[in-house]
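Single-structure report; data block below.
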Amino acid sequence: GENVEQHPSTLSVQEGDSAVIKCTYSDSASNYFPWYKQELGKRPQLIIDIRSNVGEKKDQRIAVTLNKTAKHFSLHITETQPEDSAVYFCAASDGAAGNKLTFGGGTRVLVKP
Amino acid sequence: GAVVSQHPSRVICKSGTSVKIECRSLDFQATTMFWYRQFPKQSLMLMATSNEGSKATYEQGVEKDKFLINHASLTLSTLTVTSAHPEDSSFYICSARGGTGSMREQYFGPGTRLTVT
């Protein structure tokens, strides 16, 4: 089955700086890669996603890149703000097994004012 | 956007008892629902996938006789934790997806925090 690795596990940045989180996946059949933001005790919220036919997608301060050949994708947050502090999860869909999502281990982001 | 609710949000039960958690899609028909478990400071681990009207598919290592899943309608799935023990204490989150095709968004419920004493 699919295996998703996420790095780093924790990330501390100064307000205004950029944050980058990287994920790798193992199943070349995966074709959908969402990113979720989860605040303590809350549900994961989809912040951006990318499909396999696209290499990059941007939404205001958030961007995601996908390299299918290398099987890795990254989340970029620019001009970070204290409210960006949360745990971020990447995920990949397993197209051969009911389209379930496999999550990375998560990155705890702390934006220091 | 699509809304998924869960009930209850928190539950405390005694060891050996059973607990039922409901997951509802409020404004769309969920052909597939997923149940996850999340321990503190850890990732979401998929427990099972359920499709309306059919038996759930459990992930390796998840006891299907302990975690009973029922997806009786396109808007409701339930997870029953039977004979709960303290090690079952966790945050249980459902998600729901509608339509067909492999690249469809999952909408998450708010989660249920289960504490077994």
Side-chain angles (χ1 to χ4, degrees), chain A residues 1-10 21 23 25 27-54 57 66 68 73 86-110, chain B residues 1-7 9-10 23 30-52 54-62 69 71 90-115:
Chain A
E2 176 68 282
N3 182 51
V4 178
E5 299 283 341
Q6 184 172 346
H7 298 280
S9 57
T10 59
I21 304 171
C23 288
Y25 62 99
D27 189 349
S28 57
S30 289
N31 53 18
Y32 175 60
F33 308 91
W35 286 88
Y36 292 89
K37 175 183 180 182
Q38 187 181 31
E39 299 178 357
L40 188 63
K42 301 290 182 64
R43 76 184 84 194
Q45 298 273 12
L46 179 71
I47 56 172
I48 196 167
D49 57 14
I50 192 166
R51 270 70 173 173
S52 60
N53 58 345
V54 176
K57 184 177 177 180
L66 171 65
K68 285 217 73 180
F73 55 114
V87 179
Y88 292 81
F89 292 98
C90 63
S93 70
D94 185 341
N99 309 127
K100 62 184 180 181
L101 287 175
T102 301
F103 283 83
T107 298
R108 187 171 300 275
V109 175
L110 174 63
Chain B
V3 179
V4 177
S5 69
Q6 260 181 264
H7 179 80
S9 58
R10 291 177 178 270
C23 177
T31 52
T32 306
M33 287 187 172
F34 302 88
W35 286 95
Y36 297 86
R37 182 167 51 183
Q38 187 177 33
F39 292 109
K41 297 187 178 181
Q42 293 189 22
S43 187
L44 287 83
M45 298 301 297
L46 181 65
M47 299 175 66
T49 302
S50 74
N51 292 293
E52 185 265 340
S54 61
K55 289 184 178 180
T57 302
Y58 290 81
E59 295 299 300
Q60 192 171 9
V62 178
I69 292 172
H71 192 164
S90 187
F91 193 49
Y92 291 85
I93 310 176
C94 70
S95 70
R97 188 181 68 200
T100 58
S102 64
M103 297 184 289
R104 290 164 286 145
E105 181 178 347
Q106 288 186 27
Y107 299 94
F108 284 86
T112 296
R113 186 160 301 282
L114 170 64
T115 303

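First the proteins, then the strands, lettered A, B, ... as listed; each starts at 1. Computed from a predicted structure; not experimentally measured.
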> With respect to chain B, which residue among A/Gly41, A/Pro34, A/Ala91, A/Gly106 yields the maximal number of heavy-atom pairs within a distance under 4.5 Å?
Replying inline: A/Gly41

> Is any side-chain heavy atom of A/Gln38 less than 4.5 Å from a side-chain heavy atom of B/Ile93?
Replying inline: yes

>> Taking every non-hydrogen pair under 4.5 Å, which of B/Gln38, B/Lys41, B/Arg113, B/Gln42 racks up the most with chain A?
In response: B/Gln38

>> For A/Leu40, which atoms come within 4.5 Å of any heavy atom of chain B: side chain, backbone, both, or neither?
In response: neither

>> For B/Tyr36, give me all partners under ring-ring contact (aromatic ring centres under 6.0 Å, His included), at least two apart in sequence or on another chain.
In response: A/Phe103, B/Phe108

>> Quick check: under 4.5 Å, non-hydrogen atoms only, which of residues 43-50 of chain A neighbour chain B?
In response: A/Arg43, A/Pro44, A/Leu46

>> Once rounded to the nearest 0.5 Å, what's the spacing between atom CG of B/Leu46 and atom CD of A/Glu2?
In response: 13.0 Å

> Any side-chain heavy atom of B/Gln106 sitting closer than 4.5 Å to one from A/Tyr36?
Replying inline: yes

>> Any side-chain to backbone donor/acceptor pair from B/Ser43 onto A/Gly104? Under 3.5 Å, distance only.
In response: yes

